There are 2 protein chains.
Amino acid sequence: MLSCAGPTRVQSNQFVIYIADMDDHTDQIRKPRADAVRNRERVLEAAKVVFSAGGPEASLEAVAKRAGVGIGTLYRHFPTREDLFEAVYRREVEQLSELAEQLRNAKDPVDALRRWLHSGVEFVATKKGMVAALALAVQSGSELHAFSFERLTKATGSLLARAVAAGEMRADISPEDLLRAFFGMCYIHDQPGWQATALRLLDVFIDGLRVQPATKAKAKAKARVGKPEKPAPKRKR
Amino acid sequence: MLSCAGPTRVQSNQFVIYIADMDDHTDQIRKPRADAVRNRERVLEAAKVVFSAGGPEASLEAVAKRAGVGIGTLYRHFPTREDLFEAVYRREVEQLSELAEQLRNAKDPVDALRRWLHSGVEFVATKKGMVAALALAVQSGSELHAFSFERLTKATGSLLARAVAAGEMRADISPEDLLRAFFGMCYIHDQPGWQATALRLLDVFIDGLRVQPATKAKAKAKARVGKPEKPAPKRKR
DNA sequence: TTGTTAAGCGGAGGGTGCCTCCGTATCTTC
DNA sequence: GAAGATACGGAGGCACCCTCCGCTTAACAA
């Protein structure tokens, strides 16, 4: 937190980028230490296993032990549990995002959104710990750990915007809201048969999002004015 | 767990009923000890305060300390955290149930349901720890701690059934599902402004539950659980 | 009132987990 | 090979969970 003099380190998806501090004369960009890289990977691998087995509450010390590193090392790489979660499930989040990207070209925008949400349920089902990870990101409004949330919001937003622009869906629900609803539906995971329930509930919700036939034409005309990209307007209450 | 010889004790809502063991000759039914009754009440009072302040994760030892009893006493009265939750919020659950009872006489059944759910949000807002408590009851399928769940399911069911009977709502959503959706929506509590979001999301959901007069037949067909378009290849799991 | 006894009390204690701190080890660079 | 930066690891302090058991106390009978 206090190393103002050293080179800034920005963590991207899989890499670590080193940005030289231009004010500093001795700005030597060191290669990251091999053992550090190795250990980080080990911890990630171990966390994946441990979280899958023991749920999101699993002991971090267990993760460290499985990774064969000291607890201190774990904490250095991932200062909070959330950080670790996010790193573990980052790939999954990205896959979901990419799926949204692909679905943008689907014919029926409402169906595209539905299919995306259904895929989300499947993801959650496969990767056990993911709900917890994402829910954490959604819940704790902390800016720092919101990579997943931001990424998924964007994905949701793009699909939602299309449906709204097509006059198929009401415009007063934000992507964040939709995402929260999604997580809410998945909240009941680990009950037997929760998956079917979640899908059913999501379908109901999507029906609720639909613009009623009576007002459809009006909404369509209205939506055509603005750019399709724009997120849903901010609602007041 | 091993006191086979003593009188059986069944814990009802607010009272403790003593059932004499008929096989036993010396089946004297003792009045509950005054200090036990007093302590139980104290713990409940303390728990209410502590959970409100510190959330559902608050330390049970803190509760015991505030109640002025030993930790052992707390555990004797409430063997699990869940037990304590349920006892604390039992009154609230009952109030909600009673509200549902009253709303059964409302003219518009859909609006009655909506109002009830909105009241639920308000309850959750007031009694901070309640979501957690109820979510626990909903989530952990444990039969023993399902008082709240059962009670609320019944309340939801009565309102839902009325709306369905009136032909206003689709019939393929169970009270349990609705309840789960409700808790899902409230899952995001403790974010600023979550209440407005929850209400909005609930409204969307209710709209989704509605049978549209214009498209009634279509909506009904669509309400089938499986995919609407495909021949539904019976997905397992 | 007093004695008996079950019921209840409390908190020590053993266990687990969180997170920090800092002496030591190892790696990169020159 | 030396120097210095960087990372390692785990001990240690803290908080909490939950159980167990010797002691206390209230209810009841005589």
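Here the structure is a predicted model, which means the values were calculated and not measured. Letters go in sequence order (proteins before strands), and every chain restarts at 1.
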Pair H77(A), D83(A): side-chain N/O donor-acceptor within cut-off below 3.5 Å: no
Protein-to-nucleotide contact annotation, 5' to 3' order, nucleotides 22-27 of chain C [B base; S sugar-phosphate only; - none; under 4.0 Å, heavy atom]: ----BS
Side-chain ion pair, D177(A) and R200(B), N-O less than 4.0 Å: yes
Nearest heavy-atom neighbours spanning F205(B) and L201(A): CE1-O, 3.5 Å
Under 4.0 angstrom between N39(A) side-chain N/O and dA7(D) OP1 or OP2: no
Return a table of donor-acceptor pairs under 3.5 angstrom between the side chains of residues 56-72 of chain A and protein atoms on other chains or two or more places apart.
unit_1 : atom_1 : unit_2 : atom_2 : d
S59(A) : OG     : E61(A) : N      : 3.0
S59(A) : OG     : A62(A) : N      : 3.0

Among K127(A), K48(A), R151(A), salt bridge (Lys or Arg N to Asp or Glu O under 4.0 Å) partner for E92(A): K127(A)
Pair F51(A) and F85(A), ring centroids less than 6.0 Å apart: yes
Whole-Å distance separating the CD atom of E41(A) from the C1' atom of dC8(D): 18 Å
Rounded distance (Å) that lies between atom P of dA5(D) and atom NZ of K31(A): 19 Å
Pairwise side-chain contact, L96(B) with W116(B), heavy-atom cut-off 4.5 Å (strictly under): yes
Of residues 58-73 of chain B, the positions that come close to DNA chain D - non-hydrogen atoms, cut-off under 4.0 Å: S59(B), L60(B), E61(B), I71(B)
Atom of V37(B), atom of P32(B) and distance for their closest heavy-atom approach: CG2-CB, 4.2 Å
side-chain N/O H77(B) vs dG8(C) OP1/OP2, d < 4.0 Å: no
Between P of dC16(D) and OH of Y75(B), the distance in whole Å: 11 Å
